[in-house]
Amino acid sequence: FFSGHVYPKGAQTAHQLRRLLGDSLFWAGMHRFLVDNEFKPVTTRDFAIAFEKVAHRDLDWFFDQWCYGIGYPKVDVTRHWDPSSHTLAVTVRETQPIDSIHPFFRFPTTIRIVTADSVVRQDIMVTRPEQTFNIVLPGDPLTFRFDEGGWLLGTVHTDQTPAELAEMARHDLDFAARNWALHALEGSTDSSAVAARQFIVLNEHEPSLRALALSQLTDDSKLTHQVVMSALADQASDVRAGALRALAQIDSATARREALRMYRNDPSTYVHAVALTYYARLAGPAADSMLVDATAPGPLMVRQSAVAELGKRKGAAVADALAKLTDPTEPRTLRSQAIAALARVDNARAAQVATQRLGDYDPLFAVQAVRTLARTGGANGKATLRKALKSETRVTVKAAISQALAPKTPEQQGH
């Protein structure tokens with residue numbers, strides 16, 4: 001229920017309904033829903049009824065596809081320009097599986113086309129799995145945008161060239177269009193795509209797009225290197241962190257030096273955490289002492305980054321630092337991460353710490369200690385768990401012990 005899908009999907013479904021009905025009817029429907037169901041438990045059907053009352057139309061198809069069906073629309077768009085009739089034929093085809101449980105999605109959308117002297121917007125309603133719309137234009141099409149505003153909850157692929165996408169990513173006034181175009185350029189090595197990314201890092205006012213462009217800059221050209229170095233001083237912390245990631249791919253020696261500088265001097269805790277991670281990866285064993293020091297009380301994000309990297313190393317000092325972080329005075333998230341990392345570093349030490357923590361005051365951490373001991377303690381660990389089962393009174397911990405002691409099925413053994 002709290003997987004990150006339910007609440008966003010509900011909001012996105014309402015968003016699709018707003019696109020279908022328009023603002024006035026949508027908000028009238030929301031008012032009708034609240035008035036009709038005041039102080040009552042409700043279902044999706046109650047929500048649909050309220051909107052059908054206001055819109056005076058059947059909306060079963062809408063709720064069937066967005067609420068009760070599975071999946072989402074995957075749309076492929078192709079174009080054909082006929083200069084003799086000044087007509088642009090736009091073919092829309094849904095490519096997702098369509099069967100008894102995976103629906104075909106009907107949806108409204110807007111196509112925007114720019115010519116030399118006009119902006120043409122055509123509202124269409126997709127009602128068939130493959131459908132062609134003919135749009136008469138006053139001149140040759142210069143730019144093309146499907147789903148203006150980025151309303152559709154789905155994926156869109158078009159036949160636009162890298163040059164067309166690059167132009168949209170650089171200059172479109174609609175954030176959703178620039179974002180979509182930049183994502184569509186992912187993996188493209190076309191010169192226009194590279195130039196667009198460089199331009200966006202230096203000129204785009206939305207930090208998220210600057211960071212996205214940096215994540216796609218993987219060429220080692222002199223200009224890209226200069227752009228990435230410039231972004232290390234960006235006003236947005238996400239962009240500075242993204243610049244360091246990009247630099248690590250194209251110039252590891254410089255990235256190591258800059259990571260150390262940013263870890264020591266950057267004002268952002270997030271950048272400290274990213275810089276510590278990259279310095280550790282680039283510096284190797286030389287970073288061990290810095291990682292151990294970074295586990296000391298301080299910003300949780302930095303400490304978690306240190307633990308993540310320590311879990312890839314060996315040595316007594318590393319094991320000592322991780323064991324110390326399982327102390328009951330530490331935050332649960334850090335304790336859990338530390339004992340898992342310790343199990344990767346030193347099985348014997350992990351089993352020892354897990355044995356000590358079986359009676360931990362936090363039952364959720366005690367469950368993790370049980371699982372760690374079962375995984376690292378061998379026969380002695382199993383014996384300790386059998387003894388602990390006799391006196392354990394917490395339901396979740398008892399269940400974890402019983403599960404750890406249960407014989408493995410052939411499938412589990414194979415896994």
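Excluded from the calculations below are hydrogen atoms, water molecules and symmetry mates; all remaining heavy atoms, backbone and side chain alike, are included.
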* Q337 side chain vs Q304 backbone, donor-acceptor pair below 3.5 Å -> yes
* Structure fact -> Which of W66, W61, Y72 passes ring-ring contact (aromatic ring centres under 6.0 Å, His included) with F105? It is W66
* Would you give the length of the straight line joining atom CZ of R257 to atom CG of L247, rounded to the nearest 0.5 angstrom? => 8.5 Å
* Asked: Under 3.5 Å, is there a donor-acceptor pair between the side chain of D159 and the main chain of R79?
  -> yes
* Any side-chain donor paired with an acceptor under 3.5 Å for D147 and T109? -> yes
* Asked: Any side-chain donor paired with an acceptor under 3.5 Å for T277 and E309?
  -> no
* salt_bridge(K40, D46) N-O dist < 4.0 Å -> no
* To do: Write out all pairs satisfying ring-ring contact (aromatic ring centres under 6.0 Å, His included) with one or both partners inside residues 109-157, taking only residues at least two apart or from two chains.
  => H15-W151
* Is a side-chain donor or acceptor of S230 paired with a backbone partner of Q226 at a separation under 3.5 angstrom? -> no
* Would a distance-only check, ignoring hydrogens and angles, find a side-chain to backbone donor-acceptor pair under 3.5 Å from R106 to F62? -> no
* Asked: Can you tell me how far the CG atom of L260 sits from the CG atom of L276, to the nearest 0.5 Å?
  -> 10.0 Å
* To do: Indicate yes or no: does D346 engage R313 in a salt bridge with an N to O separation below 4.0 Å.
  => no
* Any donor-acceptor N/O pair, S221 side chain to D219 backbone, under 3.5 Å -> no
* Asked: Distance only, no hydrogens: is a donor on one side chain within 3.5 Å (strictly under) of an acceptor on the other, for S192 and D190?
  -> yes
* What residue among R170, R178, R210 forms salt bridge (Lys or Arg N to Asp or Glu O under 4.0 Å) with E204? -> R178
* Asked: Got a donor-acceptor contact below 3.5 angstrom from the R240 side chain to the A233 backbone?
  -> no
* Charged N-O contact under 4.0 Å between R32 and E52 -> no
* May I have the step-by-step check of side-chain contact (heavy atoms from CB on, under 4.5 Å) for Q122 and I124, ending in yes or no? => CA-CA 6 Å; Q122 180 76 45; I124 64 171; 3.9 Å; yes
* Asked: Quick one: salt bridge (Lys or Arg N to Asp or Glu O under 4.0 Å) partners of D172, sequence neighbours excluded?
  -> R112
* Candidates V271, L232, V274 - the one meeting side chain to side chain contact (heavy atoms under 4.5 Å, CB included) with D266 -> V271
* To do: Return the orientation label for the F199 and H171 ring planes: parallel under 30°, perpendicular over 60°, tilted otherwise.
  => perpendicular
* Asked: Can any side-chain N or O of E164 pair as donor or acceptor with the backbone N or O of T161 at less than 3.5 Å?
  -> yes
Please report, to 0.1 Å, the donor-acceptor pairs under 3.5 Å made by any side chain of residues 320-329, with sequence neighbours excluded.
| from | atom 1 | to | atom 2 | distance (Å) |
| --- | --- | --- | --- | --- |
| D320 | OD1 | R349 | NH1 | 2.6 |
| D320 | OD1 | R349 | NH2 | 3.2 |
| T326 | OG1 | A323 | O | 2.7 |
| D327 | OD2 | T329 | N | 3.0 |
| D327 | OD2 | T329 | OG1 | 2.6 |

